[in-house]
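To keep things clear, I will list the structure first and then write my remarks on it.
In each ligand, atom 1 is the first atom listed, and ligand 1 is the first ligand listed. Keep in mind that this is a model prediction, so the values were computed, not measured.
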Amino acid sequence: MANITLTHDGKTFEFPLTVGSEKEGGIDIGKLRSGSGLVTLDPGFVNTASTTSSITFLDGEKGILRYRGYPIEQLAEHSSFVEVAYLLLHGELPSAAQLATFQQTLAANSLVPEDLKHLYRAFPRTAHPMAMLGAAVNALSAFNEDVSDPNVPAQVEAASHRLLAQLPLLASWGYKHAKNQPFAYPDASLDYVSSFLKSTFGLPTAPYAVDDEVRRTLDLLLILHADHEQNCSTSTVRIVGSSKANLFTSVNAGISALWGPLHGGANQEVLEMLELIHNDGGNLQKYVDLAKDKNANFRLMGFGHRVYKNFDPRAKIIKGACDRVLAKLKIDDPLLDLAKRLEETALKDDYFVSRKLYPNVDFYSGIIYRALGIPTNMFTVMFALGRLPGWVSHWREMNALKTPIGRPRQIYTGATERDYVPVAKR
Ligand code: ACO
């Protein structure tokens with residue numbers, strides 16, 4: 001492909017095109033400022049590729065999502081979350097022996113430093129579980145200084161394993177603290193998801209049998225959330241890591257970004273919105289109209305996506321799973337019916353159609369989490385558990401590519417130079 005030419009102030013500048021393996025082109029403006037003195041202005045990075053990446057491909061127009069080339073539909077049907085985590089981290093599906101070793105490594109590293117319990121105990125019982133999760137992951141940097149050097153590959157590998165192995169227990173301790181129940185331990189004889197379920201919902205007073213339907217469904221949800229290229233939280237992890245901050249604290253930054261209601265926090269907001277509509281008599285049109293009203297400060301949560309402008313393939317899979325799981329668990333949730341009718345009503349409305357606003361991954365996931373017994377304020381924690389392999393893989397890729405420190409420019413619009421006025425004269 002030809003270079004891109006920019007003419008400014010009578011001078012012409014040439015910029016090469018970088019073309020990806022799926023034929024997407026990007027103008028490489030690396031020499032823009034040094035040549036022309038100009039920068040680009042792109043609030044929200046709507047048009048900006050911050051990096052090349054070989055982890056995840058998505059095509060928002062066609063509704064395509066692939067991890068390392070594998071379609072999400074195939075991974076959802078045939079793979080497991082731990083296998084997907086390996087795939088994201090290493091770029092290839094593991095052999096049976098590699099998978100077994102990876103599972104054993106995670107199980108062997110799953111015990112969280114005991115003193116971290118004190119951190120949880122310092123939180124009010126009403127604390128949001130995302131606040132506890134972020135604090136605990138950040139605290140892990142203090143317990144893992146022996147593996148915190150990004151320049152030593154063996155330390156990066158060990159830090160990745162410890163974080164992947166321990167996040168489920170940290171999530172479960174947030175739940176236990178809120179419930180004022182004893183903190184539990186992982187069960188290394190169980191698989192990753194079963195151990196999480198047991199440490200979260202089990203009690204020392206009774207045996208805990210993992211329901212296979214619940215385990216499989218949670219595993220599916222984690223697969224669907226495992227990566228989504230340069231989204232807000234992943235970009236945050238990469239930019240924090242670009243300062244050579246350690247993996248734990250970089251991921252903590254991603255957890256903060258994920259918590260926002262426009263990102264991973266939307267799953268909690270969706271359920272609260274559905275409850276609100278249900279308790280208000282189920283008048284869907286009222287809330288669709290409210291979402292269209294620019295003065296109302298109300299959006300249909302779980303609708304719309306920066307990249308997907310046709311459909312979100314994850315939402316399609318989750319919607320199907322929702323019907324199946326609720327039927328198998330014999331749960332009749334009026335919110336599922338309400339959600340389906342809300343989708344129908346919105347998708348008949350020109351406001352949503354013309355803006356290409358479709359249900360996203362968060363629209364139906366909350367109904368499943370609820371059916372699995374997970375409290376609403378834990379939904380975003382579940383998202384974080386799923387997204388962790390993506391964050392870690394992107395941090396490692398950023399590190400391996402020797403990405404320069406993330407430091408955007410700005411166009412300054414404030415006051416020009418003026419003299420200081422002593423306070424008595426203001
Ligand atoms: N309800 C009502 N209107 C909406 C919605 C919505 N959910 N989403 C977008 N719009 C409207 C905007 O008001 C805007 O209208 P305008 O052109 O008349 O001004 C137009 O659609 C474009 O919206 P933007 O906010 O510019 O789109 P952007 O790409 O910046 O935002 C986002 C994407 C944040 C996901 C947005 O659609 C949204 O807020 N959705 C609700 C929150 C949500 O579900 N977030 C989860 C996203 S998936 C994830 O992060 C895991």
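The distance between the ring centers of F201 and Y175 falls below 6.0 angstrom.
E157 meets the side-chain hydrogen bond (donor to acceptor under 3.5 Å, both in side chains) test with R396; sequence neighbours excluded. Shown here are the ring pair (Phe, Tyr, Trp, His ring centres under 6.0 Å) partners of H228, two or more places apart in sequence or in another chain: H305, Y308. H161 pairs by the ring pair (Phe, Tyr, Trp, His ring centres under 6.0 Å) definition with F102, not counting sequence neighbours.
Under a cut-off of 6.0 angstrom, the local environment of CZ in R216 is sparse, with at most 12 non-hydrogen atoms contributed by other residues, nucleotides or ligands.
Listed by chain and residue number, the protein contacts of ligand 1 are P261, L262, H263, A266, A291, K294, R299, L300, M301, G302, F303, G304, H305, R306, Y351, R355, L357, N360, V361, D362, F383 (heavy atom within 4.0 angstrom).
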| query | Please walk me through it: do K340 and D323 pass salt bridge (Lys or Arg N to Asp or Glu O under 4.0 Å)? | reply | CA-CA 11 Å; K340 284 183 180 169; D323 280 324; 2.7 Å; yes

